[in-house]
Amino acid sequence: MKVNLDRDRCYGLGQCVLAAPDVFDQDDDGIGRLLVEEPRPEQHDEVRQAALACPRQAIGVAD
Amino acid sequence: MSSHSAAAPDPETATPLHTLAPELTFPQFERSMPFDPPEAYTELSGRCPVAPVRMSDGNPSWLITSFKGVRAALSDPRFSSDMSHPGFPNRTGKPVDDLLKDTLGAMDGERHRYYRRMLTGELTVKRAKAMRPVITQITDEALDQLAAAGPGADLVKHVAFVVPSRVACHLVGIPFSEYELFTGLAAKLMESTSSADQVAALQDMVSYFDKLVTDREHHDRDDLLGHMVRRYLATGELTREMLIRLAWTTMAAGQETTAHMIGLGVAALLRHPDQLELLRREPHLMPGAVDELMRYLPMIQFGIPRVAMDDVEVDGQTVTAGEGVVALPPLANRDPAVFERPDELDVRRNARQHLTFGYGPHQCPAHALARLELEVVYSRLLERFPTLRLADSDADLKVQDKDIMYRVSELAVTW
């Protein structure tokens, strides 16, 4: 799985950080930061949850 | 995934709203079960997820009740939050509120994004987590007050209305001793019936915050006002007027909603003893239970209004430019296409996607803090009072069911 995060779309809500705290973080303005581009298989489910929860649809997931 | 969730409109479905007979008037209040939305919506939702309704001021609007439709409308930039637009749904029947003009909730696009980012930095998941010790201390003090009041005490008064207010004061930087001053100013603003009263009340609110801002210009304070003064006022990115507007509206927005979720959430758990027992046995379920309670409880009564700036298709229905829509999260949260057994409270389910915080660019910026507050309050309450129950389990729940937020007005508990 490959994850990408569109920081220009991101509004800094942090839904992704709640869903997948080991994959996403926020900078000082709240804007999302990707910690891992290729998450481990056991993280795939929470990454999909993060993509679903993102209110800006800023997270792309390619299997 | 496309950047817009709504598709291009299909001319086949483009029927102007004003030519359609309204399915019902909005809002509805009649319900037979205390934790369910009004039945009139439930019946409509299955049949017509984007339905013509008549608002209380007589004008037509579309009511959106499906999960797909609510998400599409709230995340599509072709819908505007500008409440001065003539097609914007008026839910209260009162003239457009001058008070809310040029606040974050009424802004669109880049202007909204510019101001919004200043707040989101203060409300990150990390910042919320750092507040856990303070929230726990504030909660424990409120529970001391509940215990001191003795069995039969009102949880709404002693806990629900206390914790969110104290947390908001701590966050923004209002001394708790002055909290009642703030609520007094806010109440005067909301209750003002003439524009002269409103101008005077707003002036009082602005003067109060002006003093707090002046204090931060002379002293370093580690609170939202202190941070915003140093980061944005000092650099000229924010005017004093806008800083004050952001601060008081944030303060006002964050408290009652969380307070009502505490009251409703505890009432729902006490009325669902199997779920309560499960949470006592498996406390690690609490963060998920918070989302499930937020999904299940129909707190938002008047929905989230928008106006279409272009023709947009929403869940199969074309909304024509200039028409208003009202997205109704409590119905979307019970959409069977997304949540199995939607009318059941099930704290084990994954309800993270619920729409009670809204969706899109205007989603509640303080959701992480609100979730944490609810988790701490529910958890500490169950730990502190292992035998907590309703003082009168046979009595009807005391609710306020005609206001902007559906809520428990009083919750007598015993232990």
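Computed from a predicted model, the values in this text were never measured in an experiment. Proteins come first, then strands; the chains are lettered A, B, ... in the order of their sequence lines, and each starts at number 1.
At distances below 3.5 Å, at least one donor-acceptor pair connects side-chain atoms of A:Gln26 with backbone N or O atoms of B:Val125.
Here B:Pro361 is the residue among B:Ala368, B:Pro365, B:Pro361 with the most heavy-atom pairs under 4.5 Å with chain A. The candidate with the highest count of non-hydrogen atom pairs below 4.5 Å against chain B, out of A:Ala19, A:Ala53, A:Gly60, is A:Ala19. In terms of non-hydrogen atom pairs under 4.5 Å with chain A, the most contact-rich of B:Leu123, B:Asn350, B:Leu355 is B:Asn350. Highest contact tally toward chain A, considering only B:Leu119, B:Leu74, B:Thr124, is held by B:Thr124 [criterion: heavy-atom pairs under 4.5 Å].
In terms of heavy atoms, A:Leu18 sits closest to B:Arg371 at CD1-NH1, 3.4 Å. Considering all non-hydrogen atoms of both residues, A:Gln57 and B:Ser75 come closest at NE2-OG, 4.0 Å. A:Arg56 and B:Gly360 get closest at one heavy-atom pair: CD-C, 4.5 Å.
Around the CG atom of A:Asp28, the shell of radius 6.0 Å holds no more than 12 heavy atoms that belong to other residues, nucleotides or ligands. For CD of A:Glu42, the number of neighbouring non-hydrogen atoms (other residues, nucleotides, ligands) closer than 6.0 Å is greater than 12. The 12-atom threshold is not exceeded at CZ of B:Arg132, counting heavy atoms of other residues, nucleotides or ligands nearer than 6.0 Å. For B:Glu282, the CD atom sits in a packed shell: over 12 heavy atoms of surrounding residues, nucleotides or ligands are nearer than 6.0 Å.
Counting heavy atoms from C-beta outward, A:Val17 and B:Lys126 have side chains that stay 4.5 Å or more apart.
In this structure, no portion of A:Ala58 lies under 4.5 Å from any heavy atom of chain B. The contact between B:Arg352 and chain A is made entirely by side chain atoms (from C-beta outward), counting heavy-atom distances below 4.5 Å. Of the atoms belonging to A:Cys10, it is backbone heavy atoms, and not side-chain ones, that fall under 4.5 Å from chain B. In this structure, no portion of A:Asp6 lies under 4.5 Å from any heavy atom of chain B.
Two rings, from A:Tyr11 and B:His362, have their centers 6.0 Å or more apart.
Checking B:Gln353 against A:Gln49 by side-chain atom types alone, no donor-acceptor pair falls below 3.5 Å.
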Taking it one step at a time, do B:Arg117 and A:Ile31 satisfy side chain to side chain contact (heavy atoms under 4.5 Å, CB included)?
CA-CA 8 Å; B:Arg117 80 182 160 94; A:Ile31 301 303; 5.5 Å; no

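Using a 4.0 Å cut-off between a side-chain N of Lys or Arg and a carboxylate O of Asp or Glu, A:Asp29 and B:Arg116 do not qualify as a salt bridge.
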